[in-house]
2 protein chains.
Amino acid sequence: MKAGVSRSAVSRTFTPGASVSDETRLRVLRAAEDLGYHVNHLARGLTRRESGIVCMIVSDLATPYRSNLLRALTDQLQNAGRVAMLINTDRSDGSVNRALQQAVRYRADASVILSGMPDKSIIDLCLRSGQRLVLINRDEQQEGLLRINLDDAAAADTAARAFLRAGCHLVAFATSGAGTPSLVAREQGFLEAAKELGLQVIVERQGVTGYQCGRTIAQSLMTRRQRPQAVFCATDLIACGLMDAVRQEFGLSIPKDLCVIGFDDIEQASWSAYSLTTFAQPVDEIALQAVEWLSLPEGSAFAREPLVKLHANIVWRQTVRGG
Amino acid sequence: MKAGVSRSAVSRTFTPGASVSDETRLRVLRAAEDLGYHVNHLARGLTRRESGIVCMIVSDLATPYRSNLLRALTDQLQNAGRVAMLINTDRSDGSVNRALQQAVRYRADASVILSGMPDKSIIDLCLRSGQRLVLINRDEQQEGLLRINLDDAAAADTAARAFLRAGCHLVAFATSGAGTPSLVAREQGFLEAAKELGLQVIVERQGVTGYQCGRTIAQSLMTRRQRPQAVFCATDLIACGLMDAVRQEFGLSIPKDLCVIGFDDIEQASWSAYSLTTFAQPVDEIALQAVEWLSLPEGSAFAREPLVKLHANIVWRQTVRGG
DNA sequence: TTGTAAGCGTTATCAT
DNA sequence: ATGATAACGCTTACAA
């Protein structure tokens, strides 16, 4: 062709590990440079039957934890020579489904679901269209998918013990109204640990996970006859809202009057207005595991343990006495 | 084929506005359902010479403002029946360039650059490979690209006037060491407005935009012989850091001892720990404009004004006296 | 190592 | 309205 070589030579030049002589490769490369040629991945995907696209299905994208996870994921993905397609599932109307269809139509090799409460139908569609599937902090068990979960129970146990050491006996768990699997696991774990340690616990569920939810919970928790001496929040966002309300509306001091522990270790948890003791989601490790599994050769993917359980380390800051 | 019809019939069924009889369409649709058939967009892109993919080139993805903008953009994009490919330019090594190459190889129809300081070469590459390009809050002028900018000068002017009304005379501008075009525009605008109003202004530049940067600036601003009575922060993140440091390390009260105005109106600005008066980036409007332009038919795209200037409304909260 | 040729799933053109 | 057929740009046997 352009460099006086055949198509195949060109193809081989751009296929890692194909046999081309250095001479021809160079000629091709030079010609490509001149002509501004780039391999067409649409065409490549067509023949190779794999597109190199992996789909990120995410809701609440603008949330600190989610955006951070997405960052880590795309970073690793790029590193592995793949490319991320983003599907935003915030809306509840048909546009989500349309977007999802899109993903299928582009023959994505895989999808990573970091949506809080993905529709079961989403999972099915991905699986049916032959994609590999990674579920982060979710429950569904099915053939051919990888779940990456945190050890929520262990974290909850650590939290309960910290509260006990701080001399608290009446403690609370703050969470959203509708529970994602991980939120539920944290709640269960906390309940069990509390029971074992002889702690009395109030569970407070309000609205949607987020700052406002924390404020609402503070309201109902602090107007009780018996105020809890500590609260374990299912997410940092809840913790932030709760702390603001507790301090400003009830004039309490943290950790003197109330101990607080969060979950996620979002950026804001480290801000000195909060200095929140919390559990760090190992986002980079999550991303690494996901991408590694996606890069496994065809056969071995299913020989692997379909559940990765990661540990969430506690980050001690200033919201627990004697932490 | 499967439904006793030709390929073309199938194609037409899935091509909006093609002529198929209801009867055949129905037959095809039914067969597709049965066989789990989905149009292959890789192949379609190949023949149609447009992929339907638009590329989001973003750095600091986990930052509140960026992730929010990305959310708005993907949302609108999906709504318009297109799909977003995400390129994370955080790293400085080759992986960014590789990722970008990827995008080109997938024959993205367009790219939206929301990166703080994109390499000039990125812009060139996109343009050269025939993509349409949208630049958000950037400067570069070139044929065939749309710039969407905020009216930073007007906002800065509003801020200066607010400070004047609050009785401040010595004011400061807080920004990062390296200035993106919008940060520079805010600075310039503020300087000019201050001059016009007879305000004395200190410009403080430190490190990378973000919370820490705000803390550092507070440090150097509040240890001066003459403390400023107000500070206009180039971003909310800077404002948050500054406020925390000012309150906790210098025991000052806001807005009594110091007025603060931010920019972006990130979620945290509304948290009661800050209640920051700030300028709201009209992210939805930005996204709308971008997607609308991308959807313009071939010819008309270049007939249109290549610069959209949007207004950033001030959101009055509690950090300016008499706001 | 290199070239030839078939085929990947579409769409577009041209008949019918 | 429908069907045949030639692209689209690439990969991959297979042959040389």
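First the proteins, then the strands, lettered A, B, ... as listed; each starts at 1. Note that the structure is predicted; figures quoted are calculated from it, not measured.
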request  = Among B/I266, B/L70, B/L114, B/D60, find the residue that satisfies the side-chain contact (heavy atoms from CB on, under 4.5 Å) test when tested with B/Y65.
outcome  = B/I266

Taking [atom1] from [X] and [atom2] from [N], how many angstroms apart are they, rounded to a whole number?
| X | N | atom1 | atom2 | answer |
| --- | --- | --- | --- | --- |
| B/R105 | D/dC8 | CZ | P | 22 Å |
| B/L42 | C/dC8 | CG | C1' | 10 Å |
| A/E50 | D/dT11 | CD | C1' | 12 Å |
| B/R48 | D/dG9 | CZ | P | 16 Å |
| A/R12 | D/dC14 | CZ | P | 14 Å |
| B/N40 | C/dG7 | CG | P | 18 Å |
| B/F14 | D/dT2 | CZ | P | 15 Å |

query = Can you find a donor-acceptor N/O pair under 3.5 angstrom joining the side chain of B/R107 to the base of D/dG9?
reply = no

CG/A/D34: more than 12 non-hydrogen atoms of other groups inside 6.0 Å = yes

inquiry  = Can you tell whether the side chains of A/E140 and A/R138 come within less than 4.0 Å, N to carboxylate O?
reply    = yes

task = Kindly calculate the angle separating the two end axes of the helix from C/dT1-D/dA16 to C/dT16-D/dA1, each obtained from five base pairs, and round it to 10 degrees.
result = 30°

How many angstroms lie between atom [atom1] of [X] and atom [atom2] of [Y], to the nearest 0.5 angstrom?
| X | Y | atom1 | atom2 | value |
| --- | --- | --- | --- | --- |
| A/Q102 | B/H41 | CD | NE2 | 4.5 Å |
| B/I148 | B/I113 | CD1 | CD1 | 12.5 Å |
| A/D124 | A/Q142 | CG | CD | 6.0 Å |
| A/S111 | A/L133 | OG | CG | 6.0 Å |

Nucleotide nearest [X] when distance is taken to its side chain, options [options]:
| X | options | value |
| --- | --- | --- |
| A/R44 | C/dG3, D/dT11, C/dA12 | D/dT11 |
| B/L46 | C/dT10, D/dG3, D/dG9 | D/dG9 |
| B/V39 | C/dG9, C/dT11, C/dT2 | C/dT11 |

ask   = Side chains of B/S182 and B/N137: is there a donor and an acceptor less than 3.5 Å apart?
value = no

Are any of [X]'s side-chain N or O atoms less than 4.0 Å away from OP1 or OP2 of [N]?
| X | N | result |
| --- | --- | --- |
| B/Y106 | D/dC10 | no |
| A/T47 | D/dT12 | no |
| B/R7 | C/dA12 | no |

message = Using a strict heavy-atom distance below 4.0 Å, which residues from residues 15-24 of chain A are in contact with DNA chain C?
response = A/S19, A/V20, A/S21, A/T24

message = At 4.0 Å (heavy atoms only), tell me whether A/R49 reaches a base, stays on the sugar-phosphate, or touches nothing.
response = sugar-phosphate

ask   = Between B/F14 and B/A32, what is the shortest heavy-atom contact and its length?
value = CZ-CB, 4.0 Å

message = How close do A/S176 and A/L183 get, counting heavy atoms only, and between which atoms?
response = OG-CD1, 3.4 Å

